[in-house]
Amino acid sequence: GESVGLHLPTLSVQEGDNSIINCAYSNSASDYFIWYKQESGKGPQFIIDIRSNMDKRQGQRVTVLLNKTVKHLSLQIAATQPGDSAVYFCAENLNTGNQFYFGTGTSLTVIP
Amino acid sequence: DAGVIQSPRHEVTEMGQEVTLRCKPISGHDYLFWYRQTMMRGLELLIYFNNNVPIDDSGMPEDRFSAKMPNASFSTLKIQPSEPRDSAVYFCASSATWGGPQLFFGEGSRLTVL
């Protein structure tokens with residue numbers, strides 16, 4: 001499959017600060033993207049998604065930005081909390097049978 | 001909604017033994033996926049099914065790996081014989097065509113092969 005890579009393997013932020021996690025994807029045909037959060041010992045959980053016809057989508061404290069020109073995806077977490085500490089994955093979908101390819105993940109640590 | 005259910009949560013076995021991992025997808029979901037997660041390679045798609053039929057098994061590493069889905073509510077991933085390099089966390093996920101391609105993951109089965 002196509003590779004999906006993350007720029008920063010680890011990220012530490014102070015509680016209350018904003019966090020930005022980045023992801024580069026390589027397949028320009030990908031049309032759907034998801035950010036997942038994985039806490040220790042658990043499976044990945046859906047955070048937010050975005051389709052390729054959008055460049056920004058907001059959820060509760062999270063925003064995903066999509067730049068198709070440079071094939072870049074980012075996840076912004078506002079007012080980061082200790083409960084946000086986890087590994088975050090981006091995943092891309094080629095609209096070919098619900099198949100997703102995952103990035104390697106970024107570990108976010110929130111310092112109280 | 002019980003979510004995706006996997007068993008066992010932890011398995012420790014010796015090299016050469018057969019390992020069977022089990023998954024119950026979310027009721028009504030028509031897609032089921034098996035992923036393997038390691039520190040070195042991250043989340044890798046092994047195989048996925050649509051309506052109980054295997055669609056793409058190109059991610060299955062070797063003939064030692066096999067997966068079945070005898071009905072809409074049950075799937076197995078079998079490794080025979082197991083090797084130490086198979087040690088990983090194996091995740092099952094399901095999704096529904098009607099709900100968009102979003103994947104719902106189970107809690108995973110952590111396999112250690114000694």
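All chains are named by letter (A, B, ...) in the order of the sequence lines, taking the proteins before the strands, and each is independently numbered beginning at 1. Model, not experiment: these values are computed from the prediction.
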For the ring pair B:F33 and B:Y48, is the centre-to-centre distance below 6.0 Å? yes

Please classify the contact of A:Q45 with chain B as side chain, backbone, both or neither, using a heavy-atom distance under 4.5 Å. neither

Rounded to the nearest 0.5 Å, what separates atom NE2 in A:H72 from atom CG in A:L65? 9.5 Å

Engaged part of B:E44 at the chain A interface, taking heavy atoms whose separation is under 4.5 Å: neither

So which part of B:L43 gets closer than 4.5 Å to some heavy atom of chain A, the side chain, the backbone, both or neither? both

Can you check whether B:W34 reaches B:L21 side chain to side chain, under 4.5 Å on heavy atoms? yes

Roughly how far apart are B:M15 CE and B:R85 CZ, rounded to 0.5 Å? 11.0 Å

Which portion of B:R41 sits near chain A, non-hydrogen atoms under 4.5 angstrom: neither

